[in-house]
Amino acid sequence: MSNERFQNAIQRKPQPIPPIWMMRQAGRYHKHYQGLRAKHSFMELCKDPELATQVTLGPIEDFDFDVAILFSDLLFPLEALGMGLSYPDTGPKLGWHLSEQTIQKLKTPAEAWRELEFQREALQTLRKRLPQDKSLIGFVGGPWTLFVYAVEGSHAGSLIESKKNLRLFDRFAEYLMPLLKKNIELQLEGGAEVVMIFDTAAGELSPALYHALVVPQLTKLAQWFPGKVGYYSKGTNVSHYAHALFVSDAFAGLGFDHRWKLTDNLKHFNGGFIQGNFDQTLLFLPKPEFQKELDRFLQPLREMAPEARAGWVCGLGHGVLPKTPEENVRHFVKYVREVFR
């Protein structure tokens with residue numbers, strides 16, 4: 001009960017056609033999601049296992065992606081730790097922010113973890129309903145990204161408050177890391193084949209700070225779940241990834257944003273799949289221009305032998321953006337399969 005192409009990519013087995021999935025493939029751009037969102041709150045769509053299943057299955061049934069990604073949100077561990085969480089139209093909002101004065105308000109992981117059981121239930125429901133030739137993955141937020149949200153309430157801008165409070169990171173990790181461990185366990189128990197760690201704020205750190213703060217926590221997660229967790233970071237570069245962790249087989253795979261040269265990544269990073277990395281904003285182009293850019297992206301990969309591009313999981317540099325034309329997403333999936341067939 002998994003997608004053969006995705007499993008081949010994890011194992012770096014050569015194959016002509018890559019598996020395809022996109023971050024945020026179930027989301028605001030999709031009419032299926034919009035129809036459900038008109039009837040239910042965002043929180044309901046995430047926390048009701050049946051509704052989360054419906055949202056997750058929508059793009060699988062419409063676009064025929066190879067992999068289904070649990071519809072949820074990376075901030076739920078912060079809610080479970082007692083920080084409160086709501087979703088007004090302006091975006092997610094925590095009840096309070098992390099500081100030297102408030103850190104003692106956090107719940108212990110032993111108190112918090114049951115607040116995340118809905119994700120296991122949603123994945124169990126999904127696995128029963130998902131076609132057997134599709135893979136299923138979950139996700140959690142990266143430790144640094146969750147710290148940034150806890151301190152600032154978002155991950156926009158230069159993260160001044162987060163960097164002013166770096167001394168809090170290790171103390172926060174004492175609460176967060178056991179909870180993330182349990183969160184990943186719950187998702188794997190629910191049927192996720194891989195749990196992605198999404199670190200969307202990582203690129204705002206210098207490589208030196210990234211190595212000092214983030215890599216030790218990522219190493220723990222990879223060691224706790226060998227071959228079962230993948231990692232994606234936004235805005236990082238080769239200097240951030242100049243560490244043994246990223247050239248080992250510790251992760252099931254690595255995702256890269258559109259700033260990376262994917263053909264080089266396939267040569268340099270040896271363990272698991274390499275996911276990415278068409279620029280998601282180019283999906284907004286009119287069809288002729290979009291086709292031109294898609295061909296430009298695919299050509300270097302088409303010139304590689306299947307053995308050289310083994311491990312590639314085709315997708316975007318980041319998630320599908322709101323208002324992305326559905327027809328371009330649909331064409332992306334069909335066209336990639338056509339040119340590599």
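Since this is a predicted model, take the numbers as computed values, not measurements.
A 4.5 Å side-chain heavy-atom check between Leu98 and Tyr175 finds every atom pair outside the cut-off. With a 4.5 Å cut-off on side-chain heavy atoms, Thr108 and Leu81 do not count as touching. Using a 4.5 Å cut-off on side-chain heavy atoms (C-beta onward), Lys261 and Asn265 make no contact. Under the 4.5 Å side-chain criterion, counting only non-hydrogen atoms from C-beta, Met196 is not in contact with Ile69. A heavy-atom distance below 4.5 Å is not found between the side chains of Val320 and Gln280. The closest side-chain heavy-atom distance from Met177 to Pro143 is below 4.5 Å. At least one side-chain heavy atom of Leu106 sits less than 4.5 Å from a side-chain heavy atom of Phe172. Put simply, the side chain of Gln34 does not reach to within 4.5 Å of the side chain of Arg37, judged on heavy atoms.
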Requested in this report: Check the pair Glu289, Lys292 against salt bridge (Lys or Arg N to Asp or Glu O under 4.0 Å), reporting the backbone distance first and the verdict last.
Outcome: CA-CA 5 Å; Glu289 288 88 347; Lys292 179 181 176 181; over 6 Å; no
Report task. Please test Asp279 against Arg259 for salt bridge (Lys or Arg N to Asp or Glu O under 4.0 Å), starting from the C-alpha separation and ending with a verdict. Result -> CA-CA 8 Å; Asp279 184 345; Arg259 298 167 183 86; over 6 Å; no
Query - Lys234 and His258: CA distance, side-chain angles, deciding distance, side-chain contact (heavy atoms from CB on, under 4.5 Å) verdict - result: CA-CA 9 Å; Lys234 181 181 178 184; His258 61 276; over 6 Å; no
Query raised in the report: Passes salt bridge (Lys or Arg N to Asp or Glu O under 4.0 Å), Arg129 versus Glu50? Steps please.
Result: CA-CA 10 Å; Arg129 300 260 296 276; Glu50 173 58 30; 3.0 Å; yes
Query raised in the report: Run the side-chain hydrogen bond (donor to acceptor under 3.5 Å, both in side chains) check on Tyr241 and Ser233 step by step: do they pass?
Result: CA-CA 10 Å; Tyr241 277 31; Ser233 60; 2.7 Å; yes
**Report entry** Worked check of side-chain contact (heavy atoms from CB on, under 4.5 Å) between Tyr29 and Lys323
**Finding:** CA-CA 5 Å; Tyr29 77 102; Lys323 300 183 180 180; over 6 Å; no
Query raised in the report: Passes side-chain hydrogen bond (donor to acceptor under 3.5 Å, both in side chains), Glu193 versus Gln7? Steps please.
Result: CA-CA 9 Å; Glu193 297 162 38; Gln7 288 300 318; 2.8 Å; yes
Requested in this report: Could you go through the salt bridge (Lys or Arg N to Asp or Glu O under 4.0 Å) check for Glu4 and Lys13 one step at a time?
Outcome: CA-CA 10 Å; Glu4 183 178 3; Lys13 292 182 178 179; over 6 Å; no
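Taking CG of Leu282 as the start and CG of Asn328 as the end, the distance is 10.0 Å to the nearest 0.5 Å. Put simply, NZ on Lys287 and CG on Leu294 are 10.0 Å apart, with the number rounded to the nearest 0.5 Å. Note: Gln119 CD to Gln124 CD = 12.0 Å, rounded to the nearest 0.5 Å. Once rounded to the nearest 0.5 Å, the distance linking CZ of Arg309 with CD of Glu303 reads 11.0 Å. Rounding to the nearest 0.5 Å gives a distance of 9.0 Å between CE of Met23 and OG1 of Thr200. Taken from OG in Ser2 to CD1 in Ile137, the straight-line distance is 13.0 Å, to the nearest 0.5 Å.
With hydrogens and angles left out, the side-chain atoms of His32 and Asp62 include no donor and acceptor closer than 3.5 Å. Under 3.5 Å, the side chains of Asp295 and Tyr335 contain a donor-acceptor pair of N or O atoms. No side-chain N or O of Asp199 forms a donor-acceptor pair with one of Tyr232 less than 3.5 Å apart. When only modelled atom types and interatomic distance are considered, Thr56 and Thr53 share no side-chain donor-acceptor pair under 3.5 Å. Judged by distance alone, the side chains of Glu161 and His97 never bring a donor and an acceptor atom under 3.5 Å apart.
Salt bridge annotation for Glu338-Lys334: absent, with no cationic side-chain nitrogen under 4.0 angstrom from a carboxylate oxygen. A salt bridge does not link Glu44 to Lys39: none of the charged side-chain nitrogens sits closer than 4.0 Å to a carboxylate oxygen. The pair Glu117-Arg120 meets the salt-bridge criterion, with a side-chain N (NZ, NE, NH1 or NH2) lying under 4.0 Å from an Asp/Glu carboxylate O.
When all heavy atoms of Lys93 and Pro88 are compared, the pair lying nearest together is CB-CD, 4.1 Å. Between Pro322 and Phe284, the shortest heavy-atom contact is O-CZ, 3.3 Å. In terms of heavy atoms, Ala310 sits closest to Leu266 at O-CD2, 3.9 Å. Summarising the geometry of Pro77 relative to Leu176, their closest heavy-atom pair is CB-CD1, 4.4 Å, with the distance given to 0.1 Å. Listed here is the closest heavy atom pair of Met304 and Pro300: CG-O, 3.3 Å. Closest approach of Trp144 and Ser162 over heavy atoms only: CH2-CB, 4.1 Å.
The salt bridge (charged side-chain N to carboxylate O under 4.0 Å, His left out) test with Asp64 singles out one residue from Arg5, Arg330, Arg337, and that residue is Arg337. Partner of Met83 under the side-chain contact (heavy atoms from CB on, under 4.5 Å) criterion, out of Leu75, Leu78, Thr102: Leu78 alone.
Using the six-membered ring where Trp is involved, Phe340 and Trp312 have ring planes that are perpendicular, over 60° apart on the 30 and 60° scheme. Taking the six-membered ring where the residue is Trp, His240 and Tyr210 present perpendicular rings, their angle passing 60° and hence far from 30°.
Between the Asp48 side chain and the Leu51 main chain, a donor and an acceptor come within less than 3.5 Å of each other. Glu115 places no side-chain N or O within 3.5 Å of a backbone atom of Ala112 that could act as its donor or acceptor partner. Trp260 places no side-chain N or O within donor-acceptor distance of the main-chain N or O of Gly317, the cut-off being under 3.5 Å. Using modelled atom types, one side-chain atom of Gln187 and one backbone atom of Phe139 make a donor-acceptor pair closer than 3.5 Å. Asn277 places a side-chain N or O within donor-acceptor distance of the main-chain N or O of Asp257, the cut-off being under 3.5 Å.
Hydrophobic cluster membership differs between Leu321 and Tyr33, with clusters built from Ile, Leu, Val, Met, Phe, Trp and Tyr side chains linked at under 4.5 angstrom. Following chains of ILVMFWY side-chain contacts shorter than 4.5 Å, one cannot reach Met1 starting from Trp21, and the two form parts of different hydrophobic clusters. Note on Phe251: it clusters hydrophobically with Trp224, by side-chain heavy-atom contacts below 4.5 Å among ILVMFWY residues.
Separation of the Phe42 and Phe71 ring centroids falls under the 6.0 Å cut-off. Annotation: Phe290 is not in aromatic contact with Phe332 [ring centroid separation under 6.0 Å not met].
Within the cation-pi definition used here (under 6.0 Å to the ring centroid, within 45° of the axis), Lys47 qualifies as a partner of Phe118.
No more than 12 heavy atoms of other residues, nucleotides or ligands lie within 6.0 Å of CD in Gln132, so this atom counts as exposed by the packing criterion. At most 12 heavy atoms of other shown residues, nucleotides or ligands fall within 6.0 angstrom of atom CZ in Arg28. More than 12 heavy atoms of other residues, nucleotides or ligands sit less than 6.0 Å from atom CD of Glu189.
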